[in-house]
Amino acid sequence: MRGILPRKIKGFRDLGPELTRVKWDIIHSASQIYRNYGFEHWDTPVIEYADCLGKYLPESDSVAEGVYSFQNPEKEPVYQTDGKELRDENDHVVMENHFLTLRYDLTAPLARVYAEKLWAQFLRNQVQENKTPLFRRYQYGPVYRFEHKLDPGRFREFWQLDFDTVGSDDVSVDAEACMILSDAMEALGLKRGDYLVKVNNRKLLKGFLYHLGIDTDEKEQTVLRVIDKVDKIGIQSMGEELGEGRMDVSGARIPGLGLDKTVIHQIMDFLQKFSDSEKRAHVLEALEKSGIMNQYTQEGIQELHRIDSTLKAIDFLEDRVIFSPSLVRGMGYYTGPVFEVESTQTFKDEKGRERRVGSICGGGRYDNLVKNLLGIKVPATGASIGVDRLAELLFLTNRLPSVTQPTGPVLVIVFDDELMPEYQVIARELRNKGVNTEVFYGFQRGLKKQLAYADQKNCPVAIMLGEDELKKGVVTVRDLRLGKEMSSEIANKDEWKKNAQFEVQRELLIDKIVSMI
RNA sequence: GCCGACGUAGCUCAAUGGUAGAGUACUUGACUGUGGAUCAAGUUGUUAUGGGUUCAAAUCCCAUCGUCGGUUCCA
């Protein structure tokens with residue numbers, strides 16, 4: 001017989017109070033920075049029409065690999081390119097169960113929002129390239145990807161925290177994105193030097209590879225994919241992989257791209273030449289001297305110059321933002337500057353091995369944001385904080401120790417059902433003063449149980465009111481925080497009790513508690 | 001998808017073909033209205049699942065499932 005096993009979908013998780021708190025800390029402090037730069041908060045649905053996200057139907061050739069899709073139970077009209085309903089030979093509107101997709105990032109929905117706003121004008125042919133409106137928004141929320149392989153720290157449901165500027169091709173926006181990322185990292189508690197914003201320009205790589213005879217998008221993509229791994233596998237292995245392939249430590253054979261030896265050496269030289277430069281100006285100088293000049297590299301260098309001078313003007317030096325000509329960022333859709341925030345911190349895993357956290361934010365410029373939807377180029381640039389990655393980082397490196405053990409509520413102990421109304425009055429009065437207060441409602445009402453509960457929730461204070469106190473017109477207050485401090489030193493139970501516990505007149509209770517919190 | 005390692009109590013892990021154990025957690029008591037520490041007692045298992053070899057399997061073999069590490073792919 002089939003039964004029900006309580007369980008979660010792989011790659012989805014429950015977040016306890018500690019992680020939840022870290023997560024919202026990140027969101028609040030970073031959002032504050034985004035607003036500080038003028039971005040407005042938007043939110044969009046978790047589910048979208050598959051075609052609007054640039055994902056097409058499972059039966060078509062471009063199978064929506066990697067996303068969660070399903071058919072809408074409701075039939076709706078099919079549209080033509082001019083926005084009118086598609087009709088059959090009998091002039092009936094063609095109806096379909098459209099495919100729906102859980103959003104896999106926040107950028108695709110942004111494109112939909114932007115295109116939807118422009119749609120009416122677009123139909124009237126009033127939308128022109130280079131005249132599209134400026135739109136700046138930030139957004140956070142869960143996104144969903146159907147990953148086959150789930151590395152630790154990689155999930156199928158995870159949160160992103162994006163800001164994007166649509167409708168500007170000025171690279172000052174890219175420079176600004178670096179400022180924002182840097183400010184955001186510091187706002188949520190990272191110290192200068194705990195992180196580095198790394199910047200590169202896709203045009204530079206494109207121009208360089210073009211110079212080496214790698215002149216098609218397809219070739220470029222495969223080469224970039226290998227270059228992207230250099231941090232992970234080292235320059236030597238990367239070279240092997242560009243050439244004849246290599247043997248992995250595990251014995252797996254990794255096929256190479258079969259590039260020419262001289263080409264490979266030039267790529268390796270290029271990457272090594274810049275990996276040691278610390279000054280942005282030095283990198284630019286070296287790039288100019290390299291003599292690889294074509295349309296792409298020229299534009300790329302010029303843009304980096306602009307970014308450098310913008311950052312320099314407000315004293316964003318190399319302790320925050322560096323140029324890193326080897327930075328690729330996997331995705332193919334970037335067209336200009338790309339950036340990434342790397343955590344320089346390490347932590348020890350459960351086996352005591354030193355581990356790096358790596359990249360925690362990424363972004364860049366992409367000119368084809370709404371190309372699918374409006375058919376025109378709209379320049380956009382933006383970046384995304386990987387909230388869950390960052391939460392884990394803060395957790396692992398213990399950057400926020402106070403967050404890992406949040407203070408619990410004041411606990412009102414329940415001795416007697418008859419006194420419940422009075423317990424509620426006390427709780428009410430405390431809450432009105434802004435003190436988090438909980439009345440104990442558990443089954444097991446032994447005092448021991450209730451105090452153990454308070455201890456487990458890290459309550460600072462317990463309030464006890466029973467028959468004895470009622471007769472005297474007092475309330476017993478137990479300072480759990482003080483008690484915890486003393487517990488390591490004091491063995492004598494009575495003395496311990498004497499110090500951490502006292503009686504107070506009922507009418508003085510609230511002020512007393514407030515002063516203790 | 002491919003290569004490798006691992007899977008024993010809620011958790012962390014022992015037991016090298018011969019009776020399945022410890023720490024921790026949990027429950028109860030010492031303390032009948034008092035957290036921690038201490039002490040005492042108690043509960044916890046189809047050794048991932050299914051098959052095979054053997055007088056005898058947690059242990060050896062095969063398959064399946066799961067976890068981890070590496071690799072491939074990734075809008």
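None of the values given here were measured: they were computed from a predicted structure. Protein chains get the first letters and strands the later ones, always in sequence-line order, with residue 1 at the start of each. Scope of the values below: all heavy atoms of this structure, side chains included, with no hydrogens, waters or symmetry mates.
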Taking the P atom in each of B:A37 and B:U27, what is the distance between them to the nearest angstrom?
13 Å

State the dot-bracket string of RNA chain B. Criteria: Watson-Crick or G-U wobble, both atom distances under 3.5 angstrom; notation: ( ) intrastrand, [ ] crossing earlier pairs, | interstrand, . unpaired.
(((((((..((((....[..)))).(((((.......))))).....(((((..]....))))))))))))....

Compare the ring of A:Phe415 with the six-membered ring in the base of B:G33 and state whether they stack (centres under 5.5 Å, planes under 30°).
no

Between the side chains of A:Asp417 and A:Arg445, is the shortest nitrogen-to-carboxylate-oxygen separation below 4.0 Å, so that they form an ion pair?
yes

Going by an N to O cut-off under 4.0 Å, is there a salt bridge joining A:Lys8 and A:Asp14?
yes

From C-beta outward on A:Leu451, which listed nucleotide comes closest to its side chain: B:A75, B:G66, B:U34?
B:U34

So which protein nitrogen or oxygen atoms get under 3.5 Å of nucleotides 23-30 of chain B's nitrogens or oxygens?
residue : atom : partner  : partner atom : Å
B:U28   : OP2  : A:Lys449 : NZ           : 2.9

Report yes if a side-chain nitrogen or oxygen of A:Arg225 is closer than 4.0 Å to either non-bridging phosphate oxygen (OP1 or OP2) of B:C74; otherwise report no.
yes

A:Tyr453 (side chain) donor-acceptor with A:Leu411 (main chain) under 3.5 angstrom:
no

Do the ring centers of A:His41 and A:Tyr34 come within less than 6.0 Å of each other?
no

Do A:Tyr114 and A:Trp119 have ring centres separated by under 6.0 Å?
no

Euclidean distance for C1', B:C39 against B:G45 (whole angstrom):
28 Å

Categorize A:Asp105 for me: base, sugar-phosphate, or nothing, with a 4.0 angstrom heavy-atom threshold over every strand shown.
nothing

Pairwise C1' distance, B:U44 and B:G35 [rounded to whole Å]:
25 Å

A:Tyr144 or A:Ala452, whichever maps to the more 5' nucleotide of RNA chain B:
A:Ala452

Between B:A20 and B:C6, how far apart are the P atoms? Round to whole Å, please.
24 Å

Interatomic distance at C1', B:G51 relative to B:A57, whole Å:
13 Å

Apply side-chain contact (heavy atoms from CB on, under 4.5 Å) to residues A:Leu465 and A:Val412 and explain how you reach the verdict.
CA-CA 8 Å; A:Leu465 172 58; A:Val412 179; over 6 Å; no

Just call it for A:Glu241: base, sugar-phosphate, or nothing, with non-hydrogen atoms closer than 4.0 Å on any strand.
sugar-phosphate

Side-chain atoms of A:Lys10 come closest, of B:G66, B:U34, B:G35, to B:G66

Partners meeting side-chain contact (heavy atoms from CB on, under 4.5 Å) with A:Pro142 (sequence neighbours left out)
A:Arg103, A:Tyr144, A:Glu157, A:Trp159

With sugar-phosphate meaning primed atoms plus P, OP1 and OP2, does A:Asn368 contact a base, only sugar-phosphate, or nothing at under 4.0 Å between heavy atoms?
nothing

Between B:U43 and B:G18, how many Å separate the two P atoms, rounded to a whole number?
27 Å

Considering only heavy atoms and no angle criterion, is a donor-acceptor pair shorter than 3.5 Å present between the side chain of A:Gln450 and the base of B:U34?
no

Can you tell me how far P in B:C31 sits from the matching atom in B:U47, rounded to whole Å?
42 Å

Measure from CZ on A:Arg13 to P on B:U67 and round the result to the nearest Å.
16 Å

C1' atom, B:C60 versus B:C11: distance in rounded Å?
30 Å

